[in-house]
Each structure stands twice: as structure tokens, then as C-alpha cells.
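What follows is a set of notes on a single structure, which appears directly below.
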Amino acid sequence: MRKISIVVPCYNEEKVLPIFYNEIKKIMLDMNYLDFEIILVNDGSTDATLEVIKVLAKKDSNVKYISFSRNFGKEAAMYAGFKECTGDYIAVMDSDLQDPPSLIPEMYRLIREDGYDCVATRRVSRTSEPKIRSYFAKKFYKLMNKISNVDIVDGARDFRLMTRQVLNSILEISEYNRFSKGIFGFVGYNTKWLPYENVERAAGTSKWSFWQLFVYSLEGITAFSTTPLVISSLVGILFCLISILVIIAIIIKTLVYGDLTTGWPSTICIIMFVSGVQLLSIGIIGQYLSKTYLEVKNRPLYIIKETNR
Ligand code: UDP
Ligand code: MG
């Protein structure tokens, strides 16, 4: 019998986990032609998530868990789940039921019958989300697709089902600064996109603030595009050209009219502006340098404190 692994990152999800488990169990009973395992990755929760997980694992031997020594982030949790799972088909989904488990049979059918390697999902609405967040998310996807050569779909969720072959390719990418949406795009393969309407969280609260999302988007840009470096070089070249023109103009002016020592305010303005551009460029370079620094250290992506595997 073929086996499906469901990888679920969990961070402070004590309220929603039992509901999630019941829902997924229903689907798995419907899909009884498959073996299954649920891999719950406890990402250093500070509430009773681990206890809830242990209760589930005790009553159901298909429930496996991995518990981190601290919060390492959703990206690390997904990677850990991917590493530990044993299925022929691997699904990854949030524990808050915003990724409808009811889509899984259809996703499986698309892989088995239509020959796709991977079935991914995309939200077509962003109801209940703050307007400003949706606005910036849209802009981010537009920008990302312009400046990087991997395809990143607007509204893409991490929720997807893939074959073992696709998963192995993803596991080969063991970089420290992980941006899954880019990694999924990078590995390629034949991917089918399933659109669905946004679903509200079943219980508990979102773990992402606007600021965290903003930082995550910068991570995405620096991980999959070096265009900002090119931009800062281009701006630098532009300013060199302008300054040469200005210097020539000043020399001619001085030769014709003599040195009048006027123009102090404009000098200050120019100095301020140019040093601003320099700082920005150094900042961009610093971003890449710091990512390289973290990558070179080769630290583990996560540390497991306990598991039942
Ligand atoms: N999550 C995690 N580690 C974190 C933050 C979130 O494992 O540091 C998990 C969380 O438990 C959930 C999923 O990632 O299963 C998505 O989080 P959330 O629902 O808070 O994000 P949103 O749906 O609001 O984007
Ligand atoms: Mg959610």
C-alpha cells in the first residue's frame, strides 16, 4: 500500500490541534486505500501544544511528532518534517485548518491520474485579512516575479502535496535562509495550482505580525534575487556621471566668473543626498553579506529535543 505523510508545523496551537486531528482523520478514513502518517512538528511552543500532541500520539500510532528545543520558525519546522517523513507522497499544511484537508483527495487524484508531480494551492481571496496587508502582499509578489527568475505565484500557500521525487529535490536545498515559496518554485517539476477561497482560522491566533511578514519578504528577495545589488551599482554609476558633469560645470563657472564662494546650502544638500545613497547601497550589500555569513557558519536548521520516531 502507498503511504501519504502529512507534515504539520505547530507553534502554540493547543486550541486547534484536536480539531485539526479530527478533520484529517476523517479524510484519511475516506482515503482508506492509502497508508498514512501525520508528522506534527512542535516548533518550541510555550503553551500545552506538546502535551496535546503526546495525547494524540498515544491513541493513534500514525501520529509521529518531533519537538524542537526552541522556536526555530515555520520554515525550519517544515524542513524537519520533510526530513523525517517516510511516505511516497508528502503533504504539508498548517494546523489551523486554513488549509482545507478536504482538498487532499483531489490533490492525490491529480498526481495519480493526471501525472502531476506536485499539486499546490493558491488563495484567490484574502477576506478577513487587513487591507494594508493584502496590498503589500500583492506588491511583493509582483516585485518578486520581476526581479527573480523563479516563478512565485500570488496568493500561493505552503499547502501542497508532492511526490517523493520532488521532496528529495527540496531536501537537497539545505540552505539556512529558507524561503519555501521560492524553493518550491526553484525545484520546478510539473505543478498543478488549485485555487480556493480563504478560510478563517478554526481557533487560536495568527503568529505573524505585519513587521514579521515584512522581514520575511526581505528574506525572500535576498534569497532569490541579486537584483538589488545591481540596482545599487547602477545608482552608483549614475551618480558618478552626474558628479563629473557637475564638476565640469563648476570649473567652467569658476574660470568665467571667479570663485564667489556661494552655494553652500546646495553643497550640503548634495552631500546629504549622495551619502544617503551610499548608505543605502552599503546596507543592501550588508544584507547579502550577513546572509552569506549565516550560510557559511553552517549551523543546524533546528535542534530536536524529543520525538517518538
Ligand atoms: N508556525 C510555526 N512556527 C512559527 C510560526 C508559525 O510552526 O514560528 C506554524 C503555525 O503553527 C501554523 C502555520 O505555521 O501551523 C501558519 O501560521 P499562522 O496560521 O499563524 O500564519 P497565517 O495563517 O496567519 O499566515
Ligand atoms: Mg493560519
Side-chain angles (χ1 to χ4, degrees), residues 5-21 23-24 38-53 56 63-85 91-101 103-104 120-138 140-141 152-160 176-181 183-184 196-217 219-220 301-305 307:
S5 298
I6 297 169
V7 172
V8 190
C10 312
Y11 177 54
N12 292 348
E13 303 285 12
E14 58 176 6
K15 286 209 189 76
V16 82
L17 261 180
I19 315 175
F20 172 81
Y21 172 77
E23 289 298 313
I24 211 83
I38 303 176
I39 305 210
L40 300 171
V41 186
N42 173 33
D43 183 13
S45 302
T46 49
D47 65 358
T49 300
L50 183 59
E51 284 70 45
V52 174
I53 290 177
L56 293 175
V63 174
K64 305 278 186 278
Y65 69 87
I66 302 164
S67 184
F68 287 175
S69 60
R70 66 168 169 87
N71 179 250
F72 280 89
K74 184 184 176 187
E75 291 288 346
M78 289 199 288
Y79 188 73
F82 289 162
K83 264 214 137 133
E84 303 289 327
C85 68
V92 57
M93 61 197 304
D94 290 358
S95 48
D96 56 7
L97 291 172
Q98 280 190 301
D99 299 331
L103 288 178
I104 294 177
T121 59
R122 184 167 80 79
R123 272 192 307 184
V124 286
S125 60
R126 284 175 169 268
T127 46
S128 85
E129 196 183 66
K131 281 241 157 53
I132 181 127
R133 190 164 147 178
S134 314
Y135 174 81
F136 279 106
K138 267 228 155 66
F140 168 72
Y141 285 110
I152 294 166
V153 175
D154 183 14
R157 301 278 304 172
D158 289 328
F159 179 30
R160 55 179 62 218
Y176 185 81
N177 298 288
R178 296 186 78 75
F179 181 69
S180 280
K181 292 186 174 93
I183 293 173
F184 292 142
Y196 71 94
E197 295 286 325
N198 189 42
V199 188
E200 305 266 335
R201 222 173 204 283
T205 51
S206 174
K207 311 295 176 299
W208 295 86
S209 67
F210 185 79
W211 177 247
Q212 282 169 314
L213 279 172
F214 179 70
V215 172
Y216 184 60
S217 71
E219 185 101 333
L301 265 75
Y302 55 85
I303 294 165
I304 296 177
K305 189 176 167 202
T307 171

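Every number for a ligand or one of its atoms is a count from 1 in the order of the listing. What you see is a predicted model, and the numbers here were worked out from it, not measured in a lab.
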Problem set entry | Glu13 vs Val8, side chain to side chain contact (heavy atoms under 4.5 Å, CB included): CA-CA, chis, key distance, verdict | CA-CA 11 Å; Glu13 303 285 12; Val8 190; over 6 Å; no
Problem set entry | salt bridge (charged side-chain N to carboxylate O under 4.0 Å, His left out) between Asp94 and Arg157, worked out | CA-CA 10 Å; Asp94 290 358; Arg157 301 278 304 172; 3.0 Å; yes
For this session: Carefully, step by step, assess Thr307 and Glu84 under the rule side chain to side chain contact (heavy atoms under 4.5 Å, CB included).
Result: CA-CA 10 Å; Thr307 171; Glu84 303 289 327; 5.7 Å; no
Problem set entry | Axial cation check for Tyr135 ring with Arg133, 6.0 Å and 45° limits |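 No, Arg133 does not sit over the ring of Tyr135.
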Problem set entry | N, O or S from Asp94 under 2.8 Å to the Mg ion (ligand 2) |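 For Asp94, the answer is no, given that no N, O or S atom comes within less than 2.8 Å of the Mg ion (ligand 2).
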For this session: Please step through side chain to side chain contact (heavy atoms under 4.5 Å, CB included) for the pair Leu103 and Phe159, ending with a clear verdict.
Result: CA-CA 10 Å; Leu103 288 178; Phe159 179 30; 3.9 Å; yes
Problem set entry | Angle in degrees, rounded to 10°, that OE1 of Gln98 and OD2 of Asp96 form at the Mg ion (ligand 2) |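 Answer comes to 100°, rounded to 10°.
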Problem set entry | Short side-chain to backbone donor-acceptor contact, Asp43 and Phe68, under 3.5 Å |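 No.
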For this session: Show the protein residues that qualify under the rule heavy atom under 4.0 Å from an atom of ligand 1, listing them in chain and number order.
Result: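 Lining ligand 1: Pro9, Cys10, Tyr11, Glu13, Asp43, Asn71, Gly73, Lys74, Asp94, Ser95, Asp96, Gln98, Arg133, Arg201, Ser206, Lys207, Trp208.
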Exercise. Looking at Lys74, Lys181, Glu75, which hits side-chain hydrogen bond (donor to acceptor under 3.5 Å, both in side chains) with Tyr216?
Worked result: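 Passing option: Glu75.
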